Student: 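Input: one structure, supplied below.
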Amino acid sequence: MKIGFFDSGIGGVTVLYEAVKLLPGADFIYYADTKNVPYGPKAKEEVFNYIAMAMEFLVSHEVDAIVIACNTATSIAIERIRSKYAIPIIGMEPAVKPALENVRGTDRSVLVTGTQLTLKEEKLHNLIARLESGNVVELLPLPGLVQFAERLEFNSEAVTAYLKEQFARFDLENCDTIVLGCTHFPYFKDTIKELVPAHISIIDGSIGTAKNLKRIMEQRGFDLAGKKTITFYNSGVEADCQEQAKFDKLFARLRMLDEKMKP
Ligand code: DGL
């Protein structure tokens with residue numbers, strides 16, 4: 001069983017990490033569009049063209065399913081991509097539903113973070129309208145985190161200063177949940193946790209997406225046993241040893257965060 005993963009950059013590795021835990025016998029191909037990251041500030045049609053190229057690449061490698069491990073790409077392209085290919089295309093959207101289920105009263109708020117494109121898109125606004133429950137859903141774009149993550153800068157004074165400044169605009173005492181609606185953001189979970197009031201839950205869609213992938217592959221009768229392989233590509237070019245080491249580092253960071261953030 002071969003599964004294609006796609007993100008504008010290293011963000012989707014946060015989802016791949018969870019998928020490898022649930023499907024340790026699969027072959028994974030990870031396409032990071034490092035030439036064109038970040039997607040968040042770009043025009044929708046430009047980003048759509050990058051996504052379409054990545055899909056063609058993954059399909060030409062005969063993957064059995066594709067995970068669009070990118071909220072931005074999902075929000076602008078998932079329907080168009082699904083209508084083009086017969087294989088399962090698994091997308092992700094900000095975890096607004098579980099966040100609203102977690103609120104402690106109708107006057108409480110939820111803070112949804114993401115890229116500019118995701119937060120602007122109709123898909124998210126329709127989702128919020130559908131789930132309308134009297135709670136306040138506030139939106140906060142954090143494009144700076146995408147840039148920090150791509151530089152592998154996860155714990156620095158600059159990251160802390162950036163997040164502090166962004167959060168200062170909100171009444172976090174009244175907020176119950178922060179949704180990490182961009183796959184680049186879970187790398188910063190430890191710093192975010194330190195900066196916000198202790199009662200706030202921080203949630204993201206990585207585990208849910210990995211579970212969804214496993215369920216779909218089981219339903220389709222794929223053999224889940226085998227020997228795991230992961231091949232990384234940067235905008236279609238296979239990662240060399242040095243770049244491969246970068247992905248190993250990201251897995252190590254996610255393992256560390258798993259340990260550190262244990263409830
Ligand atoms: N990782 C992405 C997401 O989940 C996109 C980040 C970007 O390229 O701006 O939205």
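This structure is a prediction, so every number in the text was calculated from the model and none was measured. Numbering of ligands and ligand atoms starts at 1, following listing order.
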Student: Return yes when Cys70 approaches ligand 1 closer than 4.0 angstrom through a heavy atom, no otherwise.
Tutor: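 Under 4.0 Å: yes for Cys70.
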Student: With heavy atoms under 4.0 Å as the rule, classify the contact between Thr183 and ligand 1 as side chain, backbone, both or neither.
Tutor: both
Student: Do me a favour and list the nearest non-hydrogen protein atom to atom 10 (O) of ligand 1 with residue, atom name and distance?
Tutor: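 Looking at atom 10 (O) of ligand 1, the protein heavy atom closest to it is Thr72 OG1, 2.5 Å.
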Student: Among side-chain atoms of Thr115 and Thr118, is any donor-acceptor pair under 3.5 angstrom?
Tutor: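 There is such a pair (donor and acceptor under 3.5 Å, judged by atom type) between the side chains of Thr115 and Thr118.
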Student: Not counting sequence neighbours, list each pair that qualifies as a ring pair (Phe, Tyr, Trp, His ring centres under 6.0 Å) and has a residue in residues 58-108.
Tutor: Phe57-His61, His61-Tyr233
Student: Who's the nearest protein heavy-atom neighbour of atom 9 (O) of ligand 1, and how far?
Tutor: Gly40 N, 2.8 Å
Student: What are the atoms of ligand 1, with element, lying closer than 4.0 Å to any heavy atom of Asp7?
Tutor: 1 (N), 2 (C)
Student: Please report whether ligand 1 has a polar contact with Asn71, defined as an N or O pair separated by less than 3.5 Å (distance criterion only).
Tutor: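 Between Asn71 and ligand 1 (N or O atoms, distance only) the closest approach is under 3.5 Å.
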Student: Atom 7 (C) of ligand 1: which protein heavy atom is closest, and how many Å away?
Tutor: Tyr39 N, 3.3 Å
Student: Is the ring centre of Phe251 less than 6.0 Å from the ring centre of Tyr17?
Tutor: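 Close enough - the centres of the two rings lie under 6.0 Å apart.
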Student: When only distance counts, is Gly181 in polar contact with ligand 1, meaning an N/O pair under 3.5 Å?
Tutor: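 N/O-N/O distance under 3.5 Å: no.
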Student: Which of the numbered atoms in ligand 1 are below 4.0 angstrom from a heavy atom of Ser8?
Tutor: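 Going through ligand 1 atom by atom, the ones under 4.0 Å from Ser8 are 5 (C), 6 (C), 7 (C), 8 (O).
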Student: Any idea which part of Cys182 is under 4.0 Å from ligand 1, heavy-atom wise: side chain, backbone, both or neither?
Tutor: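 Both the backbone and the side chain of Cys182 come within reach of ligand 1.
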Student: Should the pair Arg253 and Tyr187 be classed as cation-pi, given the thresholds of under 6.0 Å to the six-membered ring centre and 45° from the axis?
Tutor: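 Judged by the rule (NZ or CZ under 6.0 Å from the ring centre, within 45° of its axis), Arg253 is not positioned above Tyr187.
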Student: Among Leu117, Asp7, Ile51, find the one that has a side chain to side chain contact (heavy atoms under 4.5 Å, CB included) with Thr72.
Tutor: Leu117
Student: Look at atom 1 (N) of ligand 1 and say which protein heavy atom is nearest, naming residue and atom and giving the distance to 0.1 Å.
Tutor: His184 ND1, 2.7 Å
Student: Quick check, are the ring centers of Phe154 and Phe188 under 6.0 angstrom apart?
Tutor: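 Centroid separation for Phe154 and Phe188: below 6.0 Å.
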Student: Asp33: what forms a salt bridge (charged side-chain N to carboxylate O under 4.0 Å, His left out) with it, not counting sequence neighbours?
Tutor: none
Student: Are Leu145 and Ile200 grouped together when hydrophobic residues (ILVMFWY) are joined by side-chain heavy atoms under 4.5 angstrom apart?
Tutor: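 Linked within one cluster.
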